Amino acid sequence: MTAAVTDVEQERLRRWRLVLGGGEADGTGCRLSGQDAAMDGALTALYGREDGPGKGSRPRAGQERSAGLGASAPSVARWLGDIRTYFPSSVVQIMQRDAIDRLGLATLLLEPEMLEAVEADVHLVGTLMSLNKAMPETTKETARAVVRKVVGELEKRLATRTRATLTGALDRSARVDRPRHRDIDWNRTIAANLKHYLPEYRTVVPARLIGYGRAARSVKKEVVLCVDQSGSMAASVVYASVFGAVLASMRSIDTRLVVFDTVVVDLTDQLDDPVDVIFGTRLGGGTDINRALAYCQSQIIRPAETVVVLISDLYEGGIRDEMLKRVAAMKASGVQFVTLLALSDEGAPAYDREHAAALAALGAPAFACTPDLFPEVMAAAIEKRPLPVPDPV
């Protein structure tokens, strides 16, 4: 028992030592060796110590921040290899993100060998989007390969469920009175025929059958994805590009993808390749939601069969009242309007609460949406039933 307790205590000290980063202030008295020392070195290179600048340290007040990785591409490549060796993929992605933010490594991602060494994820794609204009030609093909890998993994994860969910919603949105047996909507049929209940037989004799209509090959629904491409919306742009490509592949949905900052760009003709869409965006700049919605409104031909999805943090730089009037006008014409503050796995973002409240008052509640929930949101909008709005945190 004593030995077991000692082992537990030693493990606790080891973990605290790795968290605190060593030096005189850690108070653990625990020495690291072997792989633990290597892990500590990788962490120190990024997060630093308080023993002075220039040695991978965290700066004191008045000192400039410096990093243990230096400006050398080979040393960064070694560090990237180390963290992939010592930490799981989810932790590696966080450390890469922190390295880009804390140590200014974004410019090193312009080198092909760096891109080949990193763990690709949605956040890395967002960084590459922001660097797109500065990227030399020698790096662009490698960057596209990295983005294509991430997009391919997202499509594999999301496409099947999205198609299945929306195909069902499209079928259910068209009711027929003489359905085939396998197309009968039994819940609605029973509800419509309760007056024909026969007590002696304890059953309902349906005088009228209600069924699901089979999705026709012609376009039944139109979906407009209107995506804010300001810097904070990088992950949402990536996911919207993937979903846009999936929706565009469905014959029963006519999909349009519009991205905007202070200008509006229609990327619908690139929806067959979400990588082209991603590299067609330009993160940053201001935000003019009103202008974007004006363009989307001009493209709507069949309002009652149209779903508009605005993906934005709602920090409007345009004309607020005009923006709200456009939303009200679209809803009055029969458009299903959905407002997503983010389309990502990162939780609720910072957003303009006043604008969100104003949209909610118009019947367009604004909420953050995970990629896994998005098919359900779209299905609800297509069927014109209440949206599955998550409970506020």
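It should be emphasised that the depicted structure is a prediction, and the values quoted were computed from it without experimental measurement.
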Checking Cys296 now: which residues fulfil side-chain contact (heavy atoms from CB on, under 4.5 Å) with it, not counting sequence neighbours? Val224, Cys226, Val258

Which residues end up grouped with Leu198 if you chain together Ile, Leu, Val, Met, Phe, Trp and Tyr wherever their side-chain heavy atoms are less than 4.5 Å apart? Tyr201, Val205

With sequence neighbours left out, the residues meeting side-chain hydrogen bond (donor to acceptor under 3.5 Å, both in side chains) with Thr370 are none

What residues form a side-chain hydrogen bond (donor to acceptor under 3.5 Å, both in side chains) with Tyr315, not counting sequence neighbours? none

Residues that Ser312 engages under side-chain hydrogen bond (donor to acceptor under 3.5 Å, both in side chains), provided they are two or more places apart: Asp228

In the hydrophobic clustering that connects Ile, Leu, Val, Met, Phe, Trp and Tyr at side-chain heavy-atom distances below 4.5 Å, which members other than Ile190 occupy its cluster, ordered by chain and number? Leu194, Tyr197, Val204

For residues 144-155, which side-chain donor-acceptor pairs fall under 3.5 Å, sequence neighbours excluded?
{"from": "Arg144", "atom 1": "NH2", "to": "Asp276", "atom 2": "OD1", "distance (Å)": "2.5"}
{"from": "Arg148", "atom 1": "NH2", "to": "Asp273", "atom 2": "OD2", "distance (Å)": "3.3"}

Can you name the side-chain contact (heavy atoms from CB on, under 4.5 Å) partners of Glu376, sequence neighbours left out? Arg161, Thr165, Leu373, Pro388

With sequence neighbours excluded, what pairs up with Arg202 under the side-chain hydrogen bond (donor to acceptor under 3.5 Å, both in side chains) test? none

Go through the structure and list residues passing side-chain contact (heavy atoms from CB on, under 4.5 Å) with Thr142, not counting sequence neighbours. Pro112, Leu115, Glu116

Among all residues two or more places apart in sequence or in another chain, which pass the side-chain contact (heavy atoms from CB on, under 4.5 Å) test with Pro371? Arg157, Leu158, Tyr239, Phe243, Asp345

For Arg291 and Thr262, indicate whether the former's side chain and the latter's backbone hold a donor-acceptor pair under 3.5 Å. yes

For residues 325-332, please give each side-chain donor-acceptor pair under 3.5 Å, one per line with the distance, not counting sequence neighbours.
{"from": "Arg326", "atom 1": "NE", "to": "Asn290", "atom 2": "OD1", "distance (Å)": "2.9"}
{"from": "Arg326", "atom 1": "NH1", "to": "Gln297", "atom 2": "OE1", "distance (Å)": "3.1"}
{"from": "Lys331", "atom 1": "NZ", "to": "Gly363", "atom 2": "O", "distance (Å)": "3.4"}

